[in-house]
Protein chains: 2
Amino acid sequence: MKNDLNDKQIQILEVAETLFAEKGFDGTSIRDISKVAKINVAMVSYYFGSKEKLLESLVLFKTSGLKERLVNLIEENLEPFEKVNKLIELYINRLNCNRGIYRILHFELSSKKKVLELESFLEIKKSNLKSLELIIKEGQAKGVFRKDVIIELLTPTILGTYFHFQMNKPFFEDILNLKTEEAYNNYVKTDLTKHIQQTIKALLIYEN
Amino acid sequence: MKNDLNDKQIQILEVAETLFAEKGFDGTSIRDISKVAKINVAMVSYYFGSKEKLLESLVLFKTSGLKERLVNLIEENLEPFEKVNKLIELYINRLNCNRGIYRILHFELSSKKKVLELESFLEIKKSNLKSLELIIKEGQAKGVFRKDVIIELLTPTILGTYFHFQMNKPFFEDILNLKTEEAYNNYVKTDLTKHIQQTIKALLIYEN
DNA sequence: GCCAAAATTAAACAACCGTTTAATTTAAAC
DNA sequence: GTTTAAATTAAACGGTTGTTTAATTTTGGC
């Protein structure tokens with residue numbers, strides 16, 4: 001898979017990310033993208049081949065780098081709980097920075113699965129799970145984490161909590177009285193992140 | 001809001017649910033629905049007015065009843081932890097029974113928000129949160145749950161974990177070696193449900 | 001300045017979209 | 001059996017979709 005994207009291609013991907021996040025993959029037309037990106041409709045086909053391939057490029061472009069950061073985190077000299085907390089922060093930061101990739105990752109990939117899910121993206125997920133596994137097993141070896149935790153179900157809780165919060169943004173803006181975009185993002189970075197960290201910590205030390 | 005749906009309308013809703021869950025709202029055409037349901041394309045407009053209104057009817061049709069069950073649960077004579085566990089079971093059962101409503105609730109409603117999110121569905125969510133709040137506060141009053149839990153963030157963890165697991169079905173089928181549909185559904189009903197129950201319980205008794 | 005490759009364009013393509021119309025069939029009431 | 005309303009149909013509507021074509025412009029090496 002080539003990674004040599006020129007400036008124009010990246011510009012198209014950025015616009016596509018915003019619009020896909022806003023209106024969904026099927027809800028966004030190539031003409032929508034080309035209008036916002038101020039390019040000709042044909043450019044998407046010219047650069048990416050098709051709309052589906054554009055999505056694939058976008059996902060690979062936006063998820064590259066996370067793997068390396070996770071591997072770096074593993075080798076850091078930190079307490080087990082600190083490592084888990086940093087991992088959670090890393091995930092949330094990563095998802096929160098990119099304008100709306102979380103919605104794409106979460107939804108579009110599971111309906112367009114024939115093309116995308118089974119290819120390279122499955123490998124990224126497996127690699128990330130492997131990193132988490134290493135961190136948890138390290139904590140277990142040190143006798144800090146309980147032994148019978150189902151590691152595969154930790155990511156659903158971490159990411160699922162985050163996704164569900166973002167997916168129901170209008171609802172939580174309302175009930176938590178988060179009036180500005182800044183207040184909302186701030187809540188995610190502080191309270192929500194802390195909630196997820198506490199949840200995972202509680203689960204890791206919990207004895208039945 | 002009228003609830004008097006005839007058999008034909010319900011039949012259309014069932015087909016729409018399956019297809020929306022499979023291919024998304026925008027990815028499903030009225031012609032797709034009419035083909036599977038073996039009706040004329042005009043029938044959707046005739047019965048529901050428009051495609052958007054069909055979605056609205058579907059959501060209301062499928063979410064009705066949960067509220068009553070939650071209220072019943074509150075008044076049952078159970079230990080606080082048992083009540084929380086039953087609530088989690090109730091949510092998962094409810095989502096698991098309906099073929100794919102979770103995807104619609106989770107995703108479509110947040111992009112079509114102008115029409116749906118702000119109307120009756122926000123009220124359903126608020127009502128369900130209120131029920132959860134009553135259960136948690138009862139447990140706190142009895143001194144079983146810790147006091148500083150953010151109740152609003154419990155639902156994201158409960159539902160988010162479930163949603164994330166379902167959204168990444170191909171991935172979890174693979175790594176958990178769940179080869180048949182039955183094995184997968186069984187895992188959801190036993191292991192995943194237990195994981196969520198344990199997570200919430202751990203969070204509710206966790207002391208910082 | 002010339003030329004080949006790359007980038008960009010407007011236009012056209014056929015296919016599909018949600019919705020409406022107007023005609024026909026079915027059902028029920030009297 | 002006639003009447004009236006509801007249900008169902010095929011066809012057409014104007015618009016949008018993703019993609020391709022063929023022509024034009026821009027670019028960079030010589």
Side-chain angles (χ1 to χ4, degrees), chain A residues 2-59 61 104 107-109 111-116 119, chain B residues 2-61 104 107-109 111-116:
Chain A
K2 281 188 227 166
N3 264 8
D4 48 346
L5 301 165
N6 62 42
D7 292 353
K8 199 123 248 174
Q9 283 175 295
I10 291 175
Q11 179 206 346
I12 295 172
L13 288 180
E14 299 287 3
V15 172
E17 181 185 10
T18 310
L19 293 183
F20 287 166
E22 221 169 274
K23 317 196 290 173
F25 178 77
D26 289 312
T28 305
S29 71
I30 295 187
R31 282 170 179 82
D32 291 337
I33 297 170
S34 66
K35 207 169 286 174
V36 176
K38 283 168 193 153
I39 51 151
N40 189 278
V41 270
M43 293 305 290
V44 170
S45 297
Y46 176 72
Y47 273 131
F48 298 98
S50 70
K51 196 187 171 189
E52 289 254 358
K53 291 219 186 105
L54 167 69
L55 176 59
E56 193 167 356
S57 290
L58 175 58
V59 170
F61 175 57
I104 299 160
F107 179 76
E108 303 296 357
L109 291 193
S111 44
K112 308 277 170 290
K113 59 189 160 200
K114 320 119 240 173
V115 193
L116 288 159
E119 274 182 37
Chain B
K2 281 188 228 166
N3 264 8
D4 48 347
L5 301 165
N6 63 41
D7 292 354
K8 199 123 249 174
Q9 284 175 295
I10 290 175
Q11 180 205 346
I12 295 172
L13 289 180
E14 299 286 2
V15 171
E17 181 185 10
T18 309
L19 294 183
F20 287 167
E22 219 170 274
K23 316 196 291 173
F25 179 77
D26 289 314
T28 305
S29 71
I30 293 185
R31 282 170 179 83
D32 291 337
I33 296 170
S34 67
K35 207 168 286 175
V36 176
K38 283 168 193 151
I39 52 151
N40 189 277
V41 270
M43 293 306 287
V44 171
S45 296
Y46 176 71
Y47 272 132
F48 299 98
S50 70
K51 196 186 171 190
E52 290 254 357
K53 288 213 187 115
L54 167 69
L55 177 59
E56 193 167 356
S57 289
L58 175 58
V59 170
L60 289 175
F61 175 56
I104 298 160
F107 179 76
E108 303 296 357
L109 291 192
S111 43
K112 307 276 169 292
K113 58 190 164 202
K114 318 120 238 171
V115 191
L116 288 160

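The sequence lines fix the lettering, A, B, ..., with proteins before strands; numbering per chain opens at 1.
- Of all nucleotides in DNA chain C having an atom under 4.0 Å from a heavy atom of chain A, the first and last in 5' to 3' order are dA6(C) to dA12(C).
- Annotation: the terminal axes of the helix from dG1(C)-dC30(D) to dC30(C)-dG1(D) meet at 10°, where each axis is the rotation carrying the C1' atoms of four end pairs onto the next four (5 pairs per end, rounded to 10°).
- The closest side-chain heavy-atom distance from Q9(A) to F61(A) is not below 4.5 Å.
- Using a 4.0 Å heavy-atom distance criterion, S34(A) is classed as making no nucleic acid contact.
- Contact annotation: the side chain of F20(B) approaches that of L54(B) to within less than 4.5 Å [non-hydrogen atoms, C-beta and beyond].
- DNA chain C is contacted by A42(B), S45(B), S50(B) of residues 38-50 of chain B, taking any non-hydrogen atom closer than 4.0 Å.
- Taking atom CD of residue Q9(B) and atom P of nucleotide dA6(D), one finds them 13 Å apart after rounding to whole Å.
- Taking atom NZ of K51(A) as the reference point, atom C1' of dT16(D) lies 11 Å away to the nearest angstrom.
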Name each donor-acceptor pair under 3.5 Å that joins a side chain in residues 29-42 of chain A to protein atoms two or more places apart or in another chain, with its distance.
from   : atom 1 : to     : atom 2 : distance (Å)
S29(A) : OG     : R31(A) : N      : 3.4
S29(A) : OG     : D32(A) : N      : 3.0
S29(A) : OG     : D32(A) : OD1    : 3.3
S29(A) : OG     : D32(A) : OD2    : 3.2
D32(A) : OD2    : K23(A) : NZ     : 3.1
D32(A) : OD2    : S29(A) : N      : 3.1
S34(A) : OG     : I30(A) : O      : 3.3
S34(A) : OG     : R31(A) : O      : 3.0
N40(A) : OD1    : A42(A) : N      : 2.9

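- Rounded to whole Å, atom C1' of dC13(D) lies 11 Å from atom CZ of R31(B).
- The side chain to side chain contact (heavy atoms under 4.5 Å, CB included) check on D7(A) picks up nothing, with sequence neighbours excluded.
- OP1 or OP2 of dT17(D) sits under 4.0 Å from a side-chain N or O of S29(A).
- At least one side-chain heavy atom of E14(A) sits under 4.5 Å from a side-chain heavy atom of I10(A).
- Distance CD/Q11(B) to OH/Y47(B): 9.5 Å, rounded to 0.5 Å.
- Rounded to an integer number of Å, the gap from CD1 of I33(A) to P of dT19(D) is 11 Å.
- Residues F48(B) and I12(B) are in side-chain contact: their nearest non-hydrogen atoms beyond the backbone lie under 4.5 Å apart.
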